[in-house]
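Encoded as structure tokens, the structure appears first; notes follow it.
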Amino acid sequence: MGIAHKITAAASRALEGALDAVFPRTCPGCGRRPDLPGRHICGACMGRLMGESLDGPVCEACGAPVKTATADGLCHECRRRRPRFDAARSALAYMSLPRSLVHDFKYHGGLWLAEDLTDILEACVRARLDARAIDAVLPVPLHPAKFVLRNYNQSAILAKKLAMRLGLPYLGMSVSRRRDTPTQTHLAPRGRRKNVRGAFAVDRPEAIRSRTLLVVDDVMTTGATLGEIAGVLKKSGAWRVLAVTLCRA
Ligand SMILES: [Zn+2]
Ligand SMILES: [Zn+2]
């Protein structure tokens with residue numbers, strides 16, 4: 001990516017920090033002043049978000065909420081077709097406040113939310129995945145054309161911060177998106193799998209070989225994208241592929 005973009009992104013982050021100091025942002029949940037420096041979601045709203053999080057029984061593979069724990073630990077979908085990742089977990093249901101947080105972060109330059117959203121991801125990884133087994137963290141890559149439009153990859157920002165919190169290497173350049181895929185919003189699971197087939201390529205197989213990887217994204221819907229990435233990572237020698245997303249649609 002061009003140096004101009006890197007400079008723009010760095011400048012906009014610096015500007016965010018400066019603006020925050022002069023005009024403190026209020027909590028996107030309740031409009032009150034946040035209670036921690038560098039954070040914007042207040043303690044009460046964060047508590048409510050975590051309280052409403054997906055913490056009932058979930059499918060061991062895809063992390064979908066299941067009504068009662070099943071004998072094999074899988075949901076109906078995963079029993080029919082086992083995902084290529086070993087385990088995916090999401091912190092929150094994709095509705096109300098979580099949905100608007102992800103939208104702001106992704107489309108409206110809401111980089112100021114990055115630390116808050118990383119708090120949520122980190123709590124999810126520590127509670128629902130075996131954090132000690134993870135060797136490295138990587139994002140779902142964005143196609144260069146989308147990067148030019150948006151100026152940042154929301155998954156990469158979260159993955160980088162999460163890697164730092166977990167004290168793990170961040171492998172930002174190990175997988176790339178070789179094909180820009182049309183939006184998946186209106187596609188059924190099979191259409192989504194087809195849509196992302198062949199969309200990713202591993203550029204640095206030596207960085208992932210024999211390792212347990214954690215792939216980070218903002219929202220998981222059917223898991224087609226994460227499954228496709230897990231497939232290419234494993235073909236290139238990754239040992240296990242785990243995934244964490246902020247929200248589950
Ligand atoms: Zn609040
Ligand atoms: Zn499942």
Side-chain angles (χ1 to χ4, degrees), residues 20 23-105 108 110 112-121 123-125 127-130 140 184 187-193 196 214-215 217 219-231 234 240-249:
D20 236 21
F23 307 105
R25 289 182 192 267
T26 55
C27 170
C30 65
R32 287 193 209 109
R33 283 283 296 277
D35 17 30
L36 282 173
R39 299 298 192 276
H40 301 87
I41 303 173
C42 75
C45 287
M46 189 58 101
R48 204 165 47 243
L49 276 177
M50 295 299 193
E52 287 165 5
S53 71
L54 308 164
D55 53 5
V58 297
C59 167
E60 277 176 20
C62 74
V66 289
K67 287 211 174 67
T68 49
T70 54
D72 59 2
L74 299 177
C75 72
H76 179 65
E77 286 302 317
C78 291
R79 199 170 298 129
R80 268 184 36 212
R81 187 190 179 85
R82 191 75 199 240
R84 280 179 287 176
F85 47 74
D86 295 276
R89 296 292 183 269
S90 306
L92 307 166
Y94 194 44
M95 53 195 288
S96 53
L97 180 58
R99 194 189 178 102
S100 72
L101 292 173
V102 167
H103 261 253
D104 284 349
F105 185 59
H108 303 138
W112 51 281
L113 282 166
E115 294 298 337
D116 302 83
L117 299 182
T118 309
D119 290 343
I120 296 171
L121 278 174
C124 180
V125 171
R128 291 170 213 170
L129 288 168
D130 185 3
V140 169
Q184 312 229 78
L187 293 175
R190 186 186 293 189
R192 284 173 180 251
R193 284 197 299 272
V196 291
L214 176 67
V215 183
D217 205 0
V219 182
M220 170 172 166
T221 306
T222 62
T225 302
L226 291 170
E228 181 68 21
I229 291 181
K234 286 192 168 179
R240 297 186 80 220
V241 179
L242 310 176
V244 66
T245 68
L246 273 173
C247 293
R248 174 149 193 134

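The basis for the numbers below is simple: all heavy atoms, side chains too, and nothing from hydrogens, waters or symmetry mates. Start at 1 and go down the list; that is how both ligands and their atoms are numbered.
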Rounding to 10°, state the angle centred on the Zn ion (ligand 2) that links SG in Cys62 with SG in Cys59. 110°
Closer than 3.5 angstrom, by distance alone: can the side chain of [X] be matched with the main-chain N or O of [Y] as a donor-acceptor pair?
X	Y	result
Arg192	Gly223	no
Arg89	Glu60	yes
Arg84	Val241	no
Asp35	Gly43	yes
Asp116	His40	yes

Of the protein N/O/S atoms, how many lie under 2.8 Å from the Zn ion (ligand 1): 4
Sub-4.5 Å side-chain heavy-atom contact between Asp104 and Pro28: no
Taking 2.8 Å as the cut-off, does an N/O/S atom of Cys78 lie below it from the Zn ion (ligand 2)? yes
Which heavy-atom pair separates Met220 from Ser90 by the least distance, and what is that distance? CB-OG, 4.3 Å
